[in-house]
Amino acid sequence: MKPKLLLYQPRCLFFTMPLGPLAVASAVNRDRVQPIIIDGRLDADPVAVVEPHLDEAVCFGVSVLTGAPIEDALRVSREVKARRPELPVIWGGWHPSLFPLEVLAEAECVDVVVCGQGEATLRELVECYLDGWGVAGVAGIALRVDGEPRMTDARPLVPYGELPAADYSLLPVERYFARKKRRQLDYVTSVGCHYRCRFCADPAVFKRQRSAIPLDRVVEELAELAFRFGIEDVNFQDETFFSSRRWTVDLATRLIERGSRFSWAATMRADQGARLTDDDFLLLARSGLRKLLIGVEAGSSRMLERLGKDITLNQIETVARYSQKHDIAATYPFIFGIPGEQPADVEASLRLARRLKSMNWKNTTPFFFFKPYPGSKLFNDVAAEGFKLPKTLDEWSRFDYVTTSSPWVSDADVQRVRMAGFFSQLGWSRPRWWAMPVQALARLRCRTGNYRLPVEKAVIEHLQPPLPLA
Ligand code: SF4
């Protein structure tokens, strides 16, 4: 029996397939090691799932995001260490990549941190463990040397097209379909992004580099996966899917030529969308494009500039019109409470969100409150200005991007923004004859800004409690 590489996906509140663990599992030498992915979101007691594999394990890897997943990652890592103290525990993913030394200084249960892109690094680590070598010469990691956390040399980004294809047979794909309530495959064609948004950690982690899989390979893989799993929908998880007009237009053309039957969704920057033509959008819609995620973040040029978004209000309007015309749903997230935001900026964002929502009842405009994401430019700014950032892993595990307010927005504004968000969704929700009076009242509330006695909100939330997000 081959030794096992155990990879753990900590609990969180969404059911995207664990593409990070899948990518590293697909890249190891399968002649020498058997990768096993365990997902804390699928099993009530993940430690009980891990336990039977521990005797044959060569190491235990965990993919860790900032926020609530840290708590679960720590808990399961500690349980693993308690059962097999000599088994190397490796953390990778966004949070440890940004704080490798801090993680090692605090979490005794973690032996090694993989920084940034993990496929080649984990493959090399596994080979070292299998051969009984030390790992101090492996590039792209942090480890303890004489008890002190140390970084090894940085590892250059491996071109994404040179990495092996994700082997979806390593995932219980049907269980994800069941959780998502649709046969939707998560798939990624690229890593990194060329842009410089000041609230985002991507530029720090990937140094504004982007690397993509060649189009031919994407088309072949998707055709094979669609046939094998009976896929209805593909959710492209790229940071910036529409980086090249030629690439996406060619993809749409090839999907149509192949007669692919699945719909698809992807992220789009407003500037990228505005560079497409009406014919391009028609082609994309014909190829199955059903939904876009377009980060708007703010409704005033001033705040867009502050965020380093490098998009304009005109580009947002253009892309929204294209999406409306071709009946492509869009999610337009907004961030409130950005440092330096004025009441006029808040009003501009609320106005733009209403406009975007009103263009198609399928559109959504989720509202978030600014929290400095570790590794981002704004994070460094607010830290320099004296904002007290979390220090310990326990504090980071309570760092929440959605539900709590921030020092840059008053409680009254949080309430007003939440009210505006709720009534805008309600007012321009799917037209139904029996809901028309409530929808009309909601639209009136949005236009006048009068959210007093929100009885309809209380009733709706009583009947359908909002999902907690973190
Ligand atoms: S928010 Fe998106 S476009 Fe901006 S830097 Fe991050 S990944 Fe790139």
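Please read all numbers here as calculations on a predicted model, not as lab measurements. Numbering of ligands and ligand atoms starts at 1, following listing order. Computation of the quantities below employed the complete heavy-atom set of this structure, encompassing side-chain atoms and omitting hydrogens, waters and symmetry-equivalent molecules.
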**Request:** Specify whether Y8 and F60 have parallel, tilted or perpendicular ring planes, treating 30° as the upper limit for parallel and 60° as the lower limit for perpendicular.
**Result:** parallel

**Item:** Distance-minimising heavy-atom pair for F262 and I231
**Value:** CB-O, 3.7 Å

**Asked** If every non-hydrogen atom of A165 is compared with every non-hydrogen atom of E221, which pair is closest and at what distance?
**Response** CB-OE2, 3.1 Å

**Per-atom contacts of ligand 1 with E239, taking only distances under 4.0 Å to non-hydrogen atoms** = 7 (S)

**Request:** Using the six-membered ring wherever Trp is involved, compare the ring planes of F281 and Y322 and label them parallel, tilted or perpendicular (cut-offs 30° and 60°).
**Result:** parallel

**Message:** My understanding is that we take every heavy atom of each candidate and find the minimum distance to atom 1 (S) of ligand 1. Doing that for P203, C197, C193, which one comes out nearest?
**Reply:** C197

**Request:** Could you tell me which atoms of ligand 1, counted from 1 in the order shown, lie closer than 4.0 angstrom to a heavy atom of R269?
**Result:** 3 (S)

**Request:** Record the part of T240 in heavy-atom contact with ligand 1 below 4.0 Å; permitted values are side chain, backbone, both and neither.
**Result:** side chain

**Request:** Would you tell me whether T277 and D280 have side-chain atoms, one donor and one acceptor, within less than 3.5 Å of each other?
**Result:** yes

**Asked** To the nearest 0.1 Å, how far is atom 6 (Fe) of ligand 1 from its closest protein heavy atom, and which atom is that?
**Response** C200 SG, 2.4 Å

**Complete:** Counting heavy atoms under 4.0 Å, the part of H194 that contacts ligand 1 is neither

